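Remember, it's a predicted structure, so these values are computed and weren't measured experimentally. Note that ligands are numbered from 1 as they come in the structure, with each ligand's atoms numbered from 1 the same way.
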Amino acid sequence: MSRKPLNIGVCGVGTVGLATIEILRDYSETLLARSGQAMVVSHVGARHEHPNHDYGEARVSRDVFDVARDPDVDVLVELIGGTTVAHDLIKLAIQQGKHVVTANKALIAEHGNELIAMAEAAGVQIRYEAAVAGGIPVIKVLRESLAANAVTEVAGIINGTGNFILTEMSTKGRAFEDVLSEAQELGYAEADPTFDIDGTDAAHKLVILASLAFGIPLSIDAPMKQGIQDVAPEDLECAASMGYRVKHLGIARRTEQGIEMRVHPTLIPERKQIATVEGVLNAVMISGDAVGEVLLVGPGAGGAATASSVCADLVDVARNPAGSGSALGIAADALQSPTWVPAEDIASEWYVRVTATDQSGVMSDITKILASRDISIESIIQKPPPPGSDKVAIVLLTHVAPQSVMTGALNEITALEGVEADAALMRVEAFDR
Ligand code: HSE
């Protein structure tokens, strides 16, 4: 006997919302075959009128809360974004006994503990595959496929806009602002792209990945956060000339001291597969004790790719409406609060570039400062001065040192006579420690 259709309420009709409605319409037969239930968009919440949008037979409401109150809707798909209206909307949907599917990483990272506990108590599902790394099925992999592993590290390129910008700057020499405009036109960037640029979007996603990986509560304040806004074209060039690529990474790592959580531009040796992931592609590397290292690569942003994850969540709801475990893999009240490693204690190798007057003694002063703090130099290069200038760039790669020790040394170096105050400092990760 065939089941009644799964009625879906879609709130938010931007790039992802429209692509979701299109997939549900165009692939209805395939989705029915795969889930065992027809899926119908029965109600659309669109706060503005869009004369060109085709919502099929769906009822349309300007007030998105009408979708959450509609007794015929089984699953509410939240694609509005932000943490205000979307938050209230999801709470109302859960109170009304509806399953929820969302692509909202900020909301899950910030309010996920509350929402997931509410959903568990109400016996409904909250699914968010599209919230992290767009079309890559990473939530499912961490929650289900790697459930037998103790995960020691999750690291990845988890902002498509940022990776697109760094790739275009380094491979085509394009200007930051120019590439950002294109990312906005292509629907990769957030409505306010500040979050793509300053690392906030990647930090939200890392919070979610870390929670799934380590069985810890969602911890919005945990990540140390640095964006791509200060990555200079000359550093991309220097890194490339030394055999490295600069990627904006999110890293959550379990160490003996506790858990490190950080997002920042990072030099990665180009022999590592993740260093070759370019453009809007994302990549997530997961290290588990049983499986070893797994690398997932795919489109990290864009309407259709993200809608692919939204629809996969809907198929899961249809296949198993009674739910298949907690949204974070472990029941909300069984998550364990960890010890965090403070940012200043997080050790890594470092890339340093300083600008100095081309005179004798400067290089030896710099190396003495590093030696006095027990920072060992792996390589040091002095770039010839540009024509007509007496300023040279001195570029160093160091061995492992904690952040506080490295920044202390750099402060001392940039205070030297003949060295400019402006310097570049980035972490280097070879993922082989
Ligand atoms: N703005 C985000 C990105 C969209 O560029 O990755 C996907 O979360």
Seminar exercise, completed: Less than 4.0 Å from some atom of ligand 1, heavy atoms are found in residues Lys105, Asn159, Gly160, Thr161, Tyr188, Ala189, Glu190, Asp196, Asp201, Lys205, Gly300, Ala301

Problem set entry | Val41 side chain reached by Tyr55 side chain, heavy atoms, under 4.5 Å | no

Exercise. Does the pair Arg253 and Phe431 meet the rule for a side-chain contact (heavy atoms from CB on, under 4.5 Å), with working shown?
Worked result: CA-CA 11 Å; Arg253 181 178 287 156; Phe431 296 104; 3.9 Å; yes

Problem set entry | Backbone N/O of Met261 and side chain of Trp340: donor-acceptor pair under 3.5 Å | no

For this session: Sequence neighbours left out, what passes ring-ring contact (aromatic ring centres under 6.0 Å, His included) with Phe195? Give chain and number order.
Result: His204

Exercise. What do you reckon, is CD of Gln273 surrounded by more than 12 foreign heavy atoms closer than 6.0 Å?
Worked result: no

For this session: Could you tell me whether the side chains of Lys225 and Thr200 share a donor-acceptor contact shorter than 3.5 Å?
Result: yes

